[in-house]
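Reviewing the structure listed below.
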Amino acid sequence: KMPTFSHNSVKRRINISTMKSAVFATLLATAAAFAPASQKASSTALKAFEDELGAQPPLGFWDPLGLVADGDQEKFDRLRYVEIKHGR
């Protein structure tokens with residue numbers, strides 16, 4: 001014989017299940033937020049500009065858009081000239 005459940009009992013079980021899922025998702029997000037990030041190896045092309053003005057520890061030469069990722073000194077000099085010209 002199959003057990004019968006009242007409507008409120010089923011609704012309560014669904015709410016508890018939803019709440020447990022929400023708590024689990026929150027715990028997972030919290031753990032992911034504070035997990036250590038993996039370190040990417042920097043390329044040797046970027047190390048060519050480590051001694052330039054503005055390169056500061058701990059980032060060193062920071063090129064988030066990869067504009068001079070190929071290590072082209074002429075391109076770097078042009079971008080630096082334009083940066084200084086426009087007061088940045």
I want to know whether Phe76 and Phe61 have ring centres closer than 6.0 Å. yes
Which residue in the set Gln73, Lys75, Glu74, Arg80 passes side chain to side chain contact (heavy atoms under 4.5 Å, CB included) when paired with Asp77? Gln73
Begin with the C-alpha distance, continue with both residues' side-chain angles, and end with the deciding distance and a verdict on side chain to side chain contact (heavy atoms under 4.5 Å, CB included) for Arg78 and Val82. CA-CA 6 Å; Arg78 167 76 176 128; Val82 172; 3.0 Å; yes
Where Val68 and Asp63 come nearest, the two heavy atoms and their spacing: N-OD2, 3.0 Å
Rounded distance [0.5 Å steps], CG in Asp72 versus CG in Leu67: 12.0 Å
